[in-house]
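Report on one structure; see the data block that follows.
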Amino acid sequence: MKEEKGILEARRKKAEELEALGEPLFPNDFRPTDRAGILQELYRDYDQEALERLNQTFKLAGRLMARRDFGKAVFGHIQDQTGRIQIFVKRDEVGEEKFKLFKKYYDIGDILGVEGPLFRTKTGELTLLVRDLRLVTKAFRPLPEKFHGLRDTELRYRRRYVDLIMNPRVREIFLTRTRIVQYLRDYFISNGFLEVETPMMQPIPGGATARPFKTYHHALERDLYLRIAPELYLKRLLVGGFERVFELNRNFRNEGVSTQHNPEFTMLEFYEAYATHEDLMRRTEEILVGLAQELYGSNRITYQGQELDFTPPWPRIPFKKALLEIGGVPEEVLNSREKILELAQAQGIKMDPREPVLQKLWAKLFDALVEPKLIQPTFITEFPVEISPLARRNEQDPSITDRFELIVAGREIANAFSELNDPRDQRARFEEQIQKRLADDLEVHPEIDEDFIRALEYGMPPAAGEGLGIDRIVMLFTDAPSIREVILFPHLRPEA
RNA sequence: GGGCCGCUAGCUCAACUGGUAGAGCAAUGGACUCUUAAUCCAUAGGUUGGAGGUUCGAGUCCUCCGCGGCCCA
């Protein structure tokens with residue numbers, strides 16, 4: 001057994017003493033009827049007299065966060081999901097025996113059940129005068145320091161439960177995350193979209209270019225991959241006759257972990273039959289403005305010190321034009337592999353010189369030179385067909401696609417296009433992708449998803465689809481600099 | 001992947017050019033019936049992220065490693 005250090009040992013010993021006195025440490029028969037934050041709100045404007053007239057007692061459970069001991073009376077604060085409220089425990093109110101238990105055996109960090117009327121202290125704070133109290137859950141570990149709380153970033157992520165106890169701002173971020181997810185779900189449901197669930201484990205990972213996680217199904221004796229995107233399955237549903245569908249769930253990509261990337265992240269993908277990417281641009285504007293209004297009552301929000309204005313319409317800039325004018329890449333460079341590689345070298349942009357697809361090099365330039373400069377919401381359109389294997393070709397110019405990406409604050413927030421529904425072209429694009437694939441490229445799967453082609457052969461209605469990066473949207477609307485601040489349990493390397 | 005910064009008591013942080021590792025909060029014992037970072041007295045608490053090295057002597061200097069953060073790409 002691991003040797004325990006002073007404080008842990010003391011707490012354990014104390015708990016065992018309490019247990020020996022016949023007090024259960026983890027009872028489950030206390031039923032609170034009130035909550036701290038609700039009481040604060042309800043009785044905010046009640047003065048002492050009004051509270052007395054109420055002539056009512058309240059019952060709540062919460063974690064003891066602080067105590068101030070005066071001998072025969074103790075002030076404390078208890079905290080539940082909704083907030084905090086001060087409690088006043090007096091010997092004369094709770095009786096000698098319970099008072100002694102409280103003073104000697106209950107610690108900061110314990111969850112207590114308390115009962116009594118509300119009053120106002122001399123300083124005017126709404127306070128529960130405790131008539132009865134008991135231990136609901138004994139804490140065997142001490143909380144962090146009351147004033148500074150838990151600051152160490154690493155510890156905050158590794159022990160998010162402590163982070164949530166100590167830092168109200170963190171609770172707020174995750175409450176906002178839930179509101180955002182609920183808003184989006186409501187939006188799509190009320191616009192006639194069906195929420196569906198498609199496979200997380202796929203025999204052929206598709207719908208994006210990314211290195212997948214691989215696993216193995218023993219009974220089937222086959223490899224399976226955690227999905228990198230749900231796209232190909234959602235399109236099968238369009239074939240099946242569901243005309244508006246969405247899925248809001250996790251994707252997995254086997255890439256680095258950092259403040260901007262988590263190996264599992266949340267994506268909302270939606271597909272709309274008989275719509276085009278133009279329609280989706282308008283929808284995207286509507287959705288983000290709606291969120292800004294819902295959360296802040298304004299089209300403008302502040303992100304990391306800069307103001308973002310979501311008032312539509314947002315600029316639409318063709319991909320190539322953005323490279324030339326925003327990225328400052330000269331036209332003659334774009335058409336020469338050698339010159340691109342030269343430029344990349346000079347600017348320290350990482351590129352594989354063996355990469356056979358010129359447009360993939362363009363994409364690298366775009367990520368490095370254009371994306372970071374786009375702060376206000378901007379649609380980039382007309383992506384080259386070579387890097388858009390699932391998007392419909394533009395009718396006038398078959399070298400580009402009817403696709404857009406939404407960039408906000410230098411980050412890709414959404415990716416959408418009118419869907420390619422010609423099975424012949426789709427097969428040709430997949431074949432092209434595999435043919436041009438470098439032998440050690442783990443981001444392009446070397447097999448064609450034949451069943452997906454077969455589905456297209458049955459006829460997929462014309463449609464447009466979009467993926468919204470939920471973590472990034474939450475970052476924007478909670479002013480979070482790191483993806484780790486908006487994911488409850490972000491992946492970190494194993495503890496040192 | 002590269003550069004820089006950090007890792008010291010449960011938590012938040014000190015410790016000059018290398019010279020006996022400290023404080024506040026938390027804890028323990030005590031005083032106190034309107035405090036809110038309560039106050040006052042006392043006590044205890046450490047393999048300084050890990051492994052090597054230099055030195056009479058290392059938290060401090062050097063090397064390697066681990067984890068995190070920031071910046072670059």
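Here is the naming used below: chain letters follow the sequence lines, and residue numbers restart at 1 for every chain.
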- Message: Do A/N254 and A/L226 have side chains that approach each other closer than 4.5 Å (heavy atoms only, starting at C-beta)?
- Response: no
What's the gap between [N] and [M] when it is taken at their [atom1] atoms, as a whole Å value?
{"N": "B/rG53", "M": "B/rA42", "atom1": "C1'", "answer": "44 Å"}
{"N": "B/rC34", "M": "B/rG24", "atom1": "P", "answer": "26 Å"}
{"N": "B/rG57", "M": "B/rU20", "atom1": "P", "answer": "15 Å"}
{"N": "B/rG18", "M": "B/rU48", "atom1": "C1'", "answer": "15 Å"}
{"N": "B/rA58", "M": "B/rU39", "atom1": "P", "answer": "39 Å"}

Does the structure show a Watson-Crick or G-U wobble partner for [N], both distances under 3.5 Å? Name it, or say none.
{"N": "B/rU43", "value": "B/rA27"}
{"N": "B/rG1", "value": "B/rC72"}
{"N": "B/rU35", "value": "none"}
{"N": "B/rG19", "value": "B/rC56"}
{"N": "B/rG6", "value": "B/rC67"}

Under-4.0 Å salt bridge between [X] and [Y]:
{"X": "A/K100", "Y": "A/E96", "answer": "no"}
{"X": "A/R134", "Y": "A/D29", "answer": "yes"}
{"X": "A/D132", "Y": "A/K98", "answer": "yes"}

Contact class for [X] (heavy atom, under 4.0 Å): base, sugar-phosphate, or nothing?
{"X": "A/S482", "answer": "nothing"}
{"X": "A/R159", "answer": "nothing"}
{"X": "A/F140", "answer": "nothing"}
{"X": "A/E125", "answer": "base"}

List every contact pair, protein side and nucleotides 41-44 of chain B side both N or O, where the distance is under 3.5 Å.
none

Under 3.5 Å, which protein N or O atoms sit close to an N or O of nucleotides 21-27 of chain B? Give each pair with its distance.
unit_1 : atom_1 : unit_2 : atom_2 : d
B/rC25 : O3'    : A/K146 : NZ     : 3.2
B/rA26 : OP1    : A/K146 : NZ     : 2.9

- May I ask you to decide if the ring planes of A/F102 and A/Y106 are parallel, tilted or perpendicular, using 30° and 60° as cut-offs? perpendicular
- Task: Between A/Y157 and A/A368, name the one whose nearest nucleotide on RNA chain B is closer to the 5' end.
- Result: A/Y157
- Note on the structure: Note: for A/G76 and A/A66 on RNA chain B, the residue whose nearest nucleotide lies more 5' is A/G76
- Residue pairs passing the ring-ring contact (aromatic ring centres under 6.0 Å, His included) test with at least one member in residues 319-352 of chain A, sequence neighbours excluded, are A/F319-A/F366, A/F319-A/F383
- Residues which pass side-chain hydrogen bond (donor to acceptor under 3.5 Å, both in side chains) with A/D440, listed by chain and number, not counting sequence neighbours: A/R354
Run the ring pair (Phe, Tyr, Trp, His ring centres under 6.0 Å) test against [X] and tell me which residues pass, sequence neighbours left out.
{"X": "A/H445", "result": "A/Y225"}
{"X": "A/F30", "result": "none"}
{"X": "A/F379", "result": "A/W314, A/F404"}
{"X": "A/Y46", "result": "A/Y43"}

- Note on the structure: Contacts satisfying salt bridge (Lys or Arg N to Asp or Glu O under 4.0 Å) that involve residues 58-69 of chain A (not counting sequence neighbours) are A/D69-A/K103
- Does the ring center of A/F70 lie less than 6.0 Å from the ring center of A/F88? no
- Query: Where the side chain of A/L150 is concerned, which of B/rC70, B/rC11, B/rC67 is the nearest nucleotide?
  - Reply: B/rC11
- Query: Counting side-chain heavy atoms from CB outward, which of B/rU35, B/rG68, B/rC11 is closest to A/R493?
  - Reply: B/rG68
Listing time: all N or O pairs from protein to nucleotides 2-8 of chain B that are below 3.5 Å?
none

- Task: Using atom NE2 of A/H491 as one end and atom P of B/rG68 as the other, report the distance to the nearest whole Å.
- Result: 13 Å
- Query: Any side-chain N or O of A/R484 less than 4.0 Å from the OP1 or OP2 oxygen of B/rG69?
  - Reply: yes
- Candidates A/H77, A/Q40, A/R120 - the one meeting side chain to side chain donor-acceptor pair (under 3.5 Å) with A/E125: A/H77
Report, one pair per line, the protein and nucleotides 29-33 of chain B atoms (nitrogen or oxygen only) whose separation is under 3.5 Å.
unit_1 : atom_1 : unit_2 : atom_2 : d
B/rC32 : N3     : A/D69  : O      : 3.3
B/rC32 : N3     : A/G71  : N      : 3.4
B/rC32 : N4     : A/D69  : OD1    : 3.2
B/rC32 : N4     : A/G71  : N      : 3.3
B/rU33 : OP2    : A/F70  : O      : 3.2
B/rU33 : OP2    : A/K72  : N      : 3.4
B/rU33 : N3     : A/D92  : OD2    : 3.3
B/rU33 : O4     : A/D92  : OD1    : 2.7
B/rU33 : O4     : A/D92  : OD2    : 2.0

- Which pairs with one or both residues in residues 465-474 of chain A pass side chain to side chain donor-acceptor pair (under 3.5 Å), sequence neighbours excluded? A/R177-A/D471, A/T284-A/E466
